[in-house]
Amino acid sequence: MNAELKRLHSPDVYDLRTFRPNDPTKFGVFVQAMIGPAGDDSSESFDLTVCTPRWLAEKVESEGPTIGLHHIVVAVFDYDALFAAVQTFCSRCEGSTWEEVCRKVGRLGRWEFDAYR
């Protein structure tokens, strides 16, 4: 069983495909990657932050040490490049059960059912 990226979404941006940050060298945006089993219509949310090194550096300067879990660092926002990178990551996540696959995808973004028992 493999993971497949279905779509990228951000509740903070009207249309992620056309998103252009005010400062392209310094931004962070919350993104939900909707990922499900390859060949299936279902999906689950994996939450991450897409940001630039300058945004991350300023966050560290103001807040102190920052754990980089669930971040994708980019030079500029490019929806197609972001989609391709997440899609490639997902295609490499496989397992015998969907939960096993999700644990691997969870390295990319926080799985909505991560703490669910």
Side-chain angles (χ1 to χ4, degrees):
M1 178 176 287
N2 286 71
E4 178 180 61
L5 175 61
K6 311 298 182 175
R7 67 185 177 91
L8 295 174
H9 161 80
S10 174
D12 299 333
V13 174
Y14 177 72
D15 182 357
L16 198 56
R17 284 184 185 274
T18 60
F19 172 62
R20 299 293 173 258
N22 292 334
D23 183 345
T25 67
K26 186 185 77 176
F27 72 89
V29 62
F30 175 70
V31 173
Q32 293 175 303
M34 304 308 294
I35 299 168
D40 188 309
D41 289 338
S42 65
S43 65
E44 296 173 10
S45 177
F46 292 82
D47 301 344
L48 57 116
T49 299
V50 177
C51 63
T52 60
R54 187 171 158 211
W55 178 89
L56 193 56
E58 288 189 12
K59 182 176 178 173
V60 170
E61 287 174 20
S62 67
E63 298 176 18
T66 300
I67 296 173
L69 188 62
H70 304 145
H71 285 66
I72 296 179
V73 181
V74 298
V76 296
F77 187 82
D78 179 332
Y79 178 87
D80 293 330
L82 176 63
F83 192 95
V86 175
Q87 188 173 44
T88 298
F89 183 92
C90 288
S91 71
R92 295 178 179 151
C93 295
E94 57 184 61
S96 56
T97 67
W98 178 240
E99 185 173 343
E100 184 180 336
V101 173
C102 288
R103 297 275 173 234
K104 293 176 182 179
V105 177
R107 296 176 191 137
L108 170 75
R110 190 190 67 75
W111 180 30
E112 67 179 302
F113 298 114
D114 187 44
Y116 183 77
R117 298 272 180 244

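For this chain, numbers begin at 1 and follow the sequence in order. What you see below is based on every heavy atom in this structure, not just the backbone, and it leaves out hydrogens, waters and symmetry mates.
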(message) Parallel, tilted or perpendicular: which one describes the rings of Phe77 and Tyr79, with boundaries at 30° and 60°?
(response) tilted

Less than 4.5 Å apart, any side-chain heavy atom of [X] and any of [Y]?
X: Asp47; Y: Phe30; value: yes
X: Phe19; Y: Pro21; value: yes
X: Ser43; Y: Ile35; value: no
X: Trp111; Y: Arg103; value: yes
X: Asn2; Y: Cys93; value: no
X: Val73; Y: Leu56; value: yes
X: Phe27; Y: Val74; value: yes
X: Ile72; Y: Leu48; value: yes

(message) Is there a path of hydrophobic side-chain contacts, each under 4.5 Å between heavy atoms of I/L/V/M/F/W/Y residues, joining Val29 to Met34?
(response) no

(request) Calculate, to the nearest 0.5 Å, the distance between atoms CZ and CZ belonging to Arg110 and Phe46 respectively. (result) 10.0 Å

Any side-chain to backbone donor/acceptor pair from [X] onto [Y]? Under 3.5 Å, distance only.
X: Gln32; Y: His9; value: no
X: Glu100; Y: Ser96; value: yes
X: Thr52; Y: Thr25; value: yes

(message) Regarding Lys6 and Glu4, does a basic nitrogen lie under 4.0 Å from an acidic carboxylate oxygen?
(response)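 Glu4 and Lys6: salt-bridged.
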
